[in-house]
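Contents: one structure, followed by commentary.
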Amino acid sequence: MRLMHLLAALALSLLAALPASAGSMRTGDLSVHFNALPSTELTPEVARQYGVTRSANRALVNVAIRRGEPGADVAVAAEVKVVATNLAGQRSDVRMREVRDGEALYYLGEARIAGQDTLTFELEVRVPDQAEPMRAVFKQEFFPQ
C-alpha cells in the first residue's frame with residue numbers, strides 16, 4: 001500500500017508541472033506522453049523511492065507510452081532515447097530507465113541543468129511492432145530554487 005501512495009505522490013508531482021512542461025504525440029493507436037521538471041519538485045521520499053537525485057542542478061524526464069483509446073489504453077514497453085541540448089549547444093544523452101509497478105510502465109531519466117537554464121529534449125521512441133520510431137522535440141525552461 002505504501003508503494004501506491006508513493007506512486008500517487010509521483011504522479012501528483014508530475015501533474016503539477018503539466019501546463020509548462022508536458023507534451024504528447026499520437027501515431028495510430030500509440031500515444032507518447034512526456035514531461036520534464038526540476039527534480040526538486042519531487043518530495044525527498046518519492047525521489048529516494050525512484051532513485052532520482054533531488055538537486056537544483058538536475059531535471060527529471062518522464063516518458064510513458066500507451067496503446068489504445070484514452071481511458072481504455074494500456075502501457076507499452078519501448079526503447080526510449082533522449083538527448084538534451086542547452087542554450088550553449090552542449091548535447092548530452094539522458095540515460096532512461098524503465099520503471100514498472102503493476103500495470104504502470106514509464107521511463108525516467110535525469111539531465112543536468114545549470115542555474116536558470118533552457119533545455120531542448122529530443123525524444124525517440126521505438127516500439128517493437130512499429131516500423132518507424134516516434135520522434136518529438138520539446139523545450140523546458142528551468143529556474144533555480
Side-chain angles (χ1 to χ4, degrees), residues 6-145:
L6 289 171
L7 285 175
L10 177 63
L12 289 175
S13 294
L14 297 177
L15 287 175
L18 283 179
S21 61
S24 65
M25 63 180 166
R26 188 168 185 86
T27 299
D29 67 342
L30 288 174
S31 60
V32 178
H33 305 273
F34 45 87
N35 67 353
L37 65 145
S39 64
T40 54
E41 289 191 16
L42 298 175
T43 66
E45 297 79 21
V46 171
R48 198 170 21 260
Q49 173 71 25
Y50 292 96
V52 174
T53 301
R54 193 171 175 273
S55 168
N57 68 351
R58 296 280 181 141
L60 176 66
V61 180
N62 180 32
V63 178
I65 302 94
R66 311 283 299 174
R67 174 170 274 140
E69 293 301 317
D73 55 356
V74 295
V76 175
E79 178 184 338
V80 177
K81 293 182 180 179
V82 176
V83 174
T85 305
N86 66 15
L87 291 176
Q90 298 167 318
R91 295 172 56 88
S92 63
D93 291 329
V94 178
R95 187 177 68 77
M96 302 298 288
R97 60 187 168 85
E98 185 177 275
V99 176
R100 288 182 181 255
D101 184 37
E103 293 181 19
L105 171 62
Y106 46 94
Y107 298 86
L108 298 178
E110 296 177 52
R112 290 197 175 275
I113 52 177
Q116 184 174 340
D117 209 349
T118 300
L119 295 181
T120 300
F121 295 96
E122 298 171 48
L123 172 67
E124 180 180 285
V125 175
R126 290 184 177 273
V127 176
D129 62 353
Q130 298 292 311
E132 295 294 318
M134 297 173 71
R135 292 185 173 92
V137 175
F138 70 102
K139 287 186 180 187
Q140 177 61 44
E141 190 170 3
F142 298 93
F143 298 94
Q145 294 184 1

Gap separating the CZ atom of R26 from the CE atom of M134, nearest 0.5 angstrom: 8.5 Å
Derivation and outcome, side-chain contact (heavy atoms from CB on, under 4.5 Å), residues L119 and Q140: CA-CA 6 Å; L119 295 181; Q140 177 61 44; 5.7 Å; no
Any side-chain heavy-atom pair of R91 and T85 under 4.5 Å: yes
Listed partners of T120 passing side-chain hydrogen bond (donor to acceptor under 3.5 Å, both in side chains), at least two apart: none
Approximate separation, where rounding is to 0.5 Å, of Y107 OH and E79 CD: 9.5 Å
Partner set under side-chain contact (heavy atoms from CB on, under 4.5 Å) for E141, not counting sequence neighbours: Q116, T118, F143
Residues in side-chain hydrogen bond (donor to acceptor under 3.5 Å, both in side chains) contact with S39, at least two apart in sequence or another chain: none
Residue pairs involving residues 50-62 (criterion salt bridge (charged side-chain N to carboxylate O under 4.0 Å, His left out); sequence neighbours excluded): R58-E110
Sequence-distant partners of A88, side-chain contact (heavy atoms from CB on, under 4.5 Å), two or more places apart: N86, Q90
Main-chain N/O of V46 paired with T43 side-chain donor or acceptor, under 3.5 Å: yes
side-chain hydrogen bond (donor to acceptor under 3.5 Å, both in side chains) involving D29 - partner list, sequence neighbours excluded: R67
CZ (R95) with more than 12 external heavy atoms under 6.0 Å: no
Side-chain heavy-atom pair I65, V80 within 4.5 angstrom cut-off: yes
Between CD on residue E98 and OH on residue Y106, distance to nearest 0.5 Å: 11.0 Å
